[in-house]
Amino acid sequence: MKRYWFSILLVVFILGSIGTYYVTAASRSYPDFKLLTVSGDDNEAKSLVLEGTIKGYGSLDVSSKGSEYEQEESYFEQFSISKRYSYNQEMVQLFKEHRGFMRAKRSTNSIYEDEKTLAYASFNSGYVDRQSKLDVSTLDLKTKSEQSFTAAVPNHEQYNYAYVIDVQLDGQLLYIFSTNYKKNDNEERIAGNLEIHKYTVDLNAKSISKDEVLFADTKQDNGEMVTYSLESSMPSKAPNDVLVYRKQTEKLVKDKDGNEMTETSKSELFTLNWRTGQTTAVSSFESNGSGEWVGVTADAIIWTAQQGTSARVTNYDLKTREVKSFDIAVPSVSSSMVSGDRLYVLSKEGDSAKVVIADLKQGKVVYTGKIDINEQGEDRTKLLTNLAIFNLYVKK
Amino acid sequence: MIEFKSVRKKYGRKKVLQDVSFTAQKGNITCLIGINGVGKSTVLKAIMGLTPIDGGSILIDGMPVGKHIYEHVAYIPDHISMPPNMTVGASMQFMKDFYASWNEARAEEMLTFFKLKRSDRISELSKGNTAKLNLLHGLSLDVEYVLMDEPFSGIDAFSREQITEVFTSKLVEDRGVIITTHEINDIEHLIDEVVLLDNGFVKSQFNCEDMRMQEGKSVMDVMREVYIG
Amino acid sequence: MNRFWKLLHMEVSRFWKLYITLFAMTLLMQGGGILYVCNRYMQTVKDKMGPAASTYAQYAEEHGVVTFSDILSEAQLYFLAPIALCIGGMGLYVFLIWYREWMGKNMFIYRLLMLPTERRHLYVAKLSAILLFVIGLVAFQLLILPLESALFTSVIDQALRGSTESVTSIIQNHAFLQILVPRTFTEFVMYYGGGALFVIVMFTAILLERSYRLKGIAAGVIYVGAAVLLMIAPMLIMNRDMNDYLYPNEIFIIELTIAILIGMMSLAISFFLMNKKLSV
């Protein structure tokens, strides 16, 4: 055995060194942040997940149950589609329920779902080449029969690139709302070349029967540019007669170094009933100010505006055009989202992150909570300061 | 008994062995004779499974070539096959480690007889000493057959004498030996059986004793007949 | 001890001098580099502070603190060069471990092929030796990293140092080290399993060459190419119209299956060549 000392030593050394490293790494303890209820019903925040990072430990999810670190995840979890799309629970649900149909379908905006049909439409590769087509698939939720076809896109040679913003269905007609980037030879600004299209797809004929340009960027005589953008709604798969779009007036200005940049001089919000084509201005929306855009749901537009130590939440009903407002006591809104009839607001208050949940129907706060950690003194302050939360979602 | 039956072997387009058949008996010294490049070494390598054959069969005591033969057959190539930076002692240790048939006492005996030093590196040995160590590696195995490839080529007269002495000793007795050579003179008195190889064929196989007794021909005479006449 | 272990030990003992040299070179270059960068940093601090009697604490207040990771990225060249040399050396040794046996006039391959043991033991011993050497180098890096960190601590004044980092966080925050030493042990097995697969495929190519010489080179190149093509086939198929057709876990399972199949096929071919076709 004596002759073999070097080989034996090498093996022992490897086992010792690598073993020690992984045992230490596995037994490493991570700070356990928790979302604690300050007031209101605990159940409101039960499914809320806050995504963030902390220096030295990487990304983590904080909830009322504690913290989960990415570094603690097993190797195989990275291959789980529901883990990858955790920020988009709408997609996770679809991947789970319609695994076969959802293959190669990864864009939230391209999905439509009602009681009878699940539909998906997307441009297969933008307009970069001449083969570019519109891929359409539908799934009958009752009979489970799947239909899919590829439709030629009219005038596709005029565009560089396009992507789908929303999909709606009416009988055998599928409507695709998209943003198209026009080709331009003289390298003009991209923003001046946008068009919002409404494609009508005849599911029986398996082709695009109509292509309408709803809005197109225009250059005004005074040099200002008017641009349009369609707001995607949440959940984006929901049937919705009314779409929301934004009209912005921009002009080119030069900063002090002489670089050209665009400055938005006006931002207006409109609703569009795509069935009737009727557009209505959302007059109560004020773009400038310290407000924060929240989003469009199936039946309302929601935004917030900071007013001193509290934020004013405005709820614009898309059907009744009724405007409801209420205040929540947060010094600033760093992130927000809507799920169902609940508004979730994240705010940084001193060292710790604060969460407020409001009932949009009743227009009042139902829950207040904050992130805390079971540490004392300097450690606690340091950990809370180092924690940065950047997103929140509700786990279904 | 080592049986070679219709063995064929080619390197690229060159047919080295076209149809070679012969047998070597235990207790006999069989000598493969032929000019350089007729495939004598190839025959030995084929027996040891060191080169694949293209046809025919090789049987050792009725068994095909495989890992089990290495405890029964020893091959002493025309060069030593140990890393040059190994010492004599380490090379013996290596043999002892891997071969159950290694006879340590005999190895010691030969080490003394050949006056080799354990601490010498193989790369520093003289040609004669290298050949002796090579012989030691092969002959210290308790095997039934020993194959030797040109044991006398390029060795000084004194070493040659020592090696010849080994042949007549008990070290070789009772074993089956196959030896290759291109010059018969030195060893004619040692060998029992001769296989004459030429152009990939066996020209003749005969027993030296019988040949001398019955036809009064020496090995050289037969060679002359076969190769020239 | 059975003959496989003896063969493995033989491979280790034939490499150990070079191996220790790699260890020493890594230690000297990395240690020297870190020492040099630390000293240079201290000099910069002293130069910036000037003759005025301000303290290190004040300097740190103004210019910030420095961590071991900062020094590592500053000493990048000294740190990565020996690793690159080790990788290159091991890559070369994958070939040398075989061709060595045929080199010189004392061809050792005669003896190795005549050992009274399965020839695949020889193959597996060579494969294990390569893996052992590679993982040994990683283990050595893990061993000297805390030592290098201690070097940093001893040169840089405490007032100038940022919070202490654990070895885990030093590695996981380093772009290259986190590949050498992945986060979980499962990944470690996956990564080095992939490395073993690469070695197995290269061994197959080498044995093809050793068995069929010139024709074998062509066969070897084609074999390696086919293995690579097979590994990336799922990606190639998917990147056409069917973008993202497969779910990530499906891709993983398919890739793992392909890898295992390639590995098994390569081993089968290698063992066959060793038993039937290999020539001295």
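Every chain is numbered from 1, with letters handed out A, B, ... down the list of sequences.
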_Using only atom types and a distance under 3.5 Å, with no angle test, would you say the side chain of C:K6 pairs donor to acceptor with the backbone of B:D97?_
yes
_Distance check, rounded to the nearest 0.5 Å: C:M10 atom CE versus B:F98 atom CZ?_
5.5 Å
_What's the separation between atom CZ in B:F94 and atom CG in C:L115, rounded to the nearest 0.5 Å?_
4.5 Å
*Closest non-hydrogen atom pair, B:P83 against C:R14*: CG-NH2, 4.1 Å
*Which region of C:M103, side chain (C-beta onward) or backbone (N, CA, C, O), has a non-hydrogen atom less than 4.5 Å from a non-hydrogen atom of chain B, or is it both or neither?*
neither
_Counting only non-hydrogen atoms closer than 4.5 Å, does B:A74 touch chain C with its backbone (N, CA, C, O), its side chain (CB onward), both, or neither?_
neither
*chain B heavy atoms under 4.5 Å from C:R213: which part of the residue, side chain, backbone, both or neither?*
neither
*Side chain, backbone, both or neither: which part of C:L278 has an atom under 4.5 Å from a heavy atom of chain B?*
backbone
_Under 4.5 Å from a heavy atom of chain C, the part of B:I122 involved_ = side chain
*chain B heavy atoms under 4.5 Å from C:L7: which part of the residue, side chain, backbone, both or neither?*
both
*Heavy-atom closest contact (C:R3 atom, B:A100 atom, distance)*: NH2-N, 3.8 Å
*Which atom pair, heavy atoms only, marks the closest approach of C:P116 to B:Y99?*
CD-CE2, 3.3 Å
*asked:* Rounded to the nearest 0.5 Å, what separates atom NZ in C:K277 from atom OG1 in B:T51?
replied: 10.0 Å
_Whether over 12 other heavy atoms sit under 6.0 Å from C:F198 CZ_ = no
*Measure the spacing between CE of C:M114 and NE2 of B:H137 and express it to the nearest 0.5 Å.*
11.0 Å
*Any chance you could measure B:H79, atom NE2, to C:Y110, atom OH, to the nearest 0.5 Å?*
4.0 Å
_Spatial distance of atom CG (B:L50) from atom CE (C:M107) [nearest 0.5 Å]_ = 9.5 Å
*Can you say whether C:R100 sits under 4.5 Å from chain B via the side chain, the backbone, both, or neither, judging by heavy atoms?*
neither
_Counting only heavy atoms not in B:D54 (residues, nucleotides, ligands), do more than 12 fall under 6.0 Å from its CG?_
yes
*At a heavy-atom separation under 4.5 Å, does B:P84 approach chain C through its side chain, its backbone, both, or neither?*
both
*State, to 0.1 Å, how close B:K45 and C:V280 come at their nearest heavy-atom pair, and which atoms those are.*
CD-CG2, 3.6 Å
_Counting heavy-atom pairs closer than 4.5 Å to chain C, which one of B:M82, B:H68, B:H72, B:M86 comes out on top?_
B:M82
*Hey, mind stepping through C:E118 and B:K67 against side chain to side chain contact (heavy atoms under 4.5 Å, CB included) and telling me if it holds?*
CA-CA 6 Å; C:E118 296 286 351; B:K67 64 153 181 160; 3.5 Å; yes
